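A quick write-up on the structure given underneath.
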Amino acid sequence: MQDERLPRAPIRLPGELIDWLTRPFLRFMRIEAGAGAMLLLAAMAALVLSNSPLAQSFDRFWATPMGVRLGPIELVRSFKGWINDALMTLFFFLVALELKRELVLGELRKPRVAALSIAGALGGMLVPASLYLLLLSGRPSAAGWGTVMATDTAFVSGCLALLGTRIPKRLRVFMLSLAIVDDIGAVLVVAIGYSHAINWQALALAALGLVAIRALAWAGLRSLPLYFAIGAAVWVAVDASGVHATITGVILGLMTPARPWVSADRLYAILRQVVAHPAADRGSGPTRDRQTVLLAEIAARETLSPVERLELGLHPWVAFVIMPLFALANAGLVLSRQHLGGPITWAVFAGFALGKPVGVFTFSWIAVRLGIATRPPDLDWRMLAGGGLLAGIGFTMAMFIANLAFRESELASAKLGIFLASGCAGLAGLAVLWRSKKPPARAN
């Protein structure tokens with residue numbers, strides 16, 4: 001016999017008028033293609049504005065200086081600089097959180113499964129960079145080799161979402177893992193290859209901040225605002241050291257705990273205590289009932305690991321605010337015939353459109369043949385080839401590194417190569433994957 005005290009239907013939180021506005025937006029955010037669509041719209045808007053009568057005002061807006069000066073301490077950048085250095089640190093922090101979650105809780109916790117994505121990512125970095133260097137050997141613009149290394153996670157996710165059930169879940173996991181790994185690789189390249197003269201004192205202060213974060217975590221402190229404050233101080237120290245400050249996001253993300261503090265069994269035991277308390281015990285003071293409810297609130301929050309909570313909180317802001325802002329600030333390009341056909345344009349194009357698929361497929365094949373990695377049965381080589389083509393979409397990280405690697409006079413040619421390669425790689429990858437597997441037939 002059913003207990004009369006138990007609810008017959010699931011109980012939800014009280015409804016509010018604002019739900020009529022937020023629910024459609026939240027549904028949109030759950031669609032994987034949403035972030036890619038926002039990024040594409042922002043990039044197209046930047047292109048249009050850069051070739052309109054508002055072009056000079058558009059450029060001046062992003063060049064507006066912003067920051068603080070406190071005596072000898074000066075922290076001033078252009079608006080574009082703050083987006084590229086500070087906000088993109090949050091992007092890399094989120095990427096590192098996703099990698100940590102996959103390594104500890106997801107598919108990448110299995111070494112041979114992880115090896116397939118890691119091998120593909122290594123091939124997708126080394127082969128394009130080598131091809132780029134081969135094509136521009138002996139030229140000053142060869143320093144831009146890092147531009148062709150990283151895959152754009154948002155655009156690739158959007159393309160995979162368009163394919164729906166035609167592709168297996170394993171391909172999505174492979175591509176997401178590959179994109180995360182080569183994003184991490186690309187930011188390490190930025191930190192090592194595109195940093196300035198090192199200030200070791202500032203770097204030591206940053207290391208001290210990281211030690212403090214580790215010590216606080218070991219002591220059991222769980223205040224996220226405090227960790228963010230110390231993380232911001234570490235960012236300032238790394239920025240002053242000459243190492244590119246975005247590496248801070250990667251380090252802090254990988255340091256974030258991926259295990260929950262409260263187990264599910266303990267949470268349910270606490271919730272049973274809440275149900276057991278009589279309503280008559282309620283009051284305005286520190287009653288047993290109120291204390292148990294507060295305990296349940298903490299337990300419910302801490303059942304999710306810090307990695308999961310931060311990922312859930314940051315993902316909408318990164319996907320729908322930071323990345324579109326980055327595209328608006330960096331995707332501007334004055335379309336001109338002088339950029340078309342230049343060596344930088346075609347070297348970038350070849351690196352992404354040719355080097356990426358060859359590198360991803362070849363290194364994945366070698367890893368499987370050597371027994372280092374395992375290939376799931378539902379992920380055939382044709383799908384891996386299509387995934388390798390999609391890996392040639394390199395918008396966000398490519399723009400990020402191009403701004404560091406190229407002179408102003410060369411940047412437009414590099415951007416054009418990125419646009420052309422990303423468009424061709426996306427269309428070619430979609431075409432191959434669309435033909436790789438027919439959707440299941442409907443039952444009569």
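In this text, all values refer to a predicted model and were calculated from it rather than measured experimentally.
- Within the 3.5 Å criterion, the main-chain N or O of Gly220 finds a donor-acceptor partner in the side chain of Arg222.
- Within 6.0 Å of CH2 in Trp317 there are 12 or fewer heavy atoms belonging to other residues, nucleotides or ligands.
- Counting heavy atoms from C-beta on, the side chains of Ile167 and Leu160 come closer than 4.5 Å.
- Remark: Leu171 CG to Leu384 CG distance equals 7.0 Å, nearest 0.5 Å.
- Listed by first then second residue, pairs satisfying side chain to side chain donor-acceptor pair (under 3.5 Å) with a partner in residues 38-58 read Ser57-Arg60, not counting sequence neighbours.
- The closest side-chain heavy-atom distance from Arg375 to Trp381 is below 4.5 Å.
- Two residues are said to be in side-chain contact when any heavy atoms from C-beta on lie closer than 4.5 Å; Leu205 and Val236 fail this criterion.
- In this structure, NZ in Lys80 is found 8.0 Å from CG in Asp59, a value given to the nearest 0.5 Å.
- Between Met323 and Met88, every side-chain heavy-atom pair lies at or beyond the 4.5 Å cut-off.
- Between Thr151 and Asp183, the closest side-chain pair of non-hydrogen atoms is not below 4.5 Å.
- Pairs passing the ring-ring contact (aromatic ring centres under 6.0 Å, His included) check and including a residue from residues 201-232, sequence neighbours excluded, do not occur.
- Under the rule for a salt bridge (charged side-chain N to carboxylate O under 4.0 Å, His left out), Glu98 has no partner lying at least two apart in sequence or in another chain.
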Ignoring hydrogens and angles, write down the donor-acceptor pairs under 3.5 Å from the side chains of residues 136-149, residues two or more places apart or on other chains.
residue : atom : partner : partner atom : Å
Thr147  : OG1  : Gly144  : O            : 2.9

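- Leu390 contributes atom CG, which lies 5.5 Å from atom CG of Leu433 (distance to the nearest 0.5 angstrom).
- One distance of note links CD1 of Ile344 with CG of Leu135; it measures 12.0 Å at 0.5 Å rounding.
- Judged by distance alone, with hydrogens and angles left aside, the side-chain atoms of Lys415 form a donor-acceptor pair with the main-chain N or O of Gly332 at under 3.5 Å.
- From Leu87, atom CG reaches atom OG1 of Thr246 across 12.0 Å, with rounding to the nearest 0.5 Å.
- Side-chain N/O atoms of Thr89 and Trp235 include a donor and acceptor closer than 3.5 Å.
- Across Pro65 and Val76, no two heavy atoms sit closer than the pair CB-CG1, 4.3 Å.
- Ala150 and Phe352 get closest at one heavy-atom pair: O-CE2, 3.5 Å.
- Nearest heavy-atom pair, Ala319 versus Pro324, reported as atom, atom and distance to 0.1 Å: O-CD, 3.4 Å.
- Judged purely by atom type and a 3.5 angstrom limit, Arg407 has no side-chain atom pairing as donor or acceptor with the backbone of Leu411.
- Ring-centre distance between His244 and Phe400: below the 6.0 Å cut-off.
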* Walk me through it: do Arg101 and Leu97 pass the test side chain to side chain contact (heavy atoms under 4.5 Å, CB included)? => CA-CA 6 Å; Arg101 176 176 52 78; Leu97 290 176; over 6 Å; no
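- Of all heavy-atom pairs between Ile418 and Ala398, the closest is CD1-CB, 3.6 Å.
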Given the rule in the side chain to side chain contact (heavy atoms under 4.5 Å, CB included) test, do Val187 and Val95 qualify, once you have shown the distances and angles that lead to the verdict?
CA-CA 11 Å; Val187 80; Val95 168; over 6 Å; no
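- Side-chain atoms of Ser305 and Glu308 form a donor-acceptor pair, as typed in the model, at a separation below 3.5 Å.
- The residue from Phe58, Phe61, Phe326 that alone fulfils the ring-ring contact (aromatic ring centres under 6.0 Å, His included) condition with Phe79 is Phe61.
- Counting heavy-atom neighbours within 6.0 Å of Arg214 CZ, excluding the residue itself, gives a total of 12 or less.
- Within the 3.5 Å criterion, the main-chain N or O of Gly394 finds a donor-acceptor partner in the side chain of Ser422.
- Annotation: side chain of Thr248 is not in contact with side chain of Phe92 (no heavy-atom distance under 4.5 Å).
- Listed by first and then second residue, the salt bridge (charged side-chain N to carboxylate O under 4.0 Å, His left out) pairs that reach into residues 119-134 come to none, sequence neighbours excluded.
- Side chain of Asp182 to backbone of Gly185: no donor-acceptor contact under 3.5 angstrom is found.
- A heavy-atom distance below 4.5 Å is not found between the side chains of Val307 and Pro257.
- If you check the side chains of Thr396 and Asp152, you find a donor sitting under 3.5 Å from an acceptor.
- Taking 4.5 Å as the limit, some side-chain heavy atom of Met399 sits within range of a side-chain heavy atom of Phe419.
- A distance of 9.5 Å separates CE of Met383 from CG of Leu163, quoted to the nearest 0.5 Å.
- Pairing each heavy atom of Phe174 with each of Leu379, the nearest pair is CB-CD2, 4.2 Å.
- For Arg77, the salt bridge (charged side-chain N to carboxylate O under 4.0 Å, His left out) criterion is met by Asp85, Asp239, not counting sequence neighbours.
- The six-membered or imidazole ring of Phe349 lies near that of Trp346, with a centre-to-centre distance under 6.0 Å.
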Quick one: do Arg170 and Asp380 satisfy salt bridge (charged side-chain N to carboxylate O under 4.0 Å, His left out)? Show the steps, please.
-> CA-CA 10 Å; Arg170 294 281 187 177; Asp380 61 33; over 6 Å; no
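- The main-chain N or O of Gly124 is found under 3.5 Å from a side-chain atom of Lys356 such that the two form a donor-acceptor pair.
- A donor-acceptor contact closer than 3.5 angstrom links the side chains of Asn330 and Asn84.
- Between the side chain of Thr362 and the main chain of Gly359, no donor-acceptor pair closer than 3.5 Å is present.
- Of all non-hydrogen atoms in Ala46 and Leu328, the two that sit nearest each other are CB-O, 3.6 Å.
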- Could you walk me through whether Leu122 and Val181 pass side chain to side chain contact (heavy atoms under 4.5 Å, CB included), step by step? CA-CA 8 Å; Leu122 285 175; Val181 170; over 6 Å; no
### Residue pair Phe155, Leu39: steps toward the side chain to side chain contact (heavy atoms under 4.5 Å, CB included) verdict
CA-CA 8 Å; Phe155 277 135; Leu39 197 59; 3.6 Å; yes
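- With Lys100 contributing its side chain and Gly253 its backbone, the two residues share no donor-acceptor pair below 3.5 Å.
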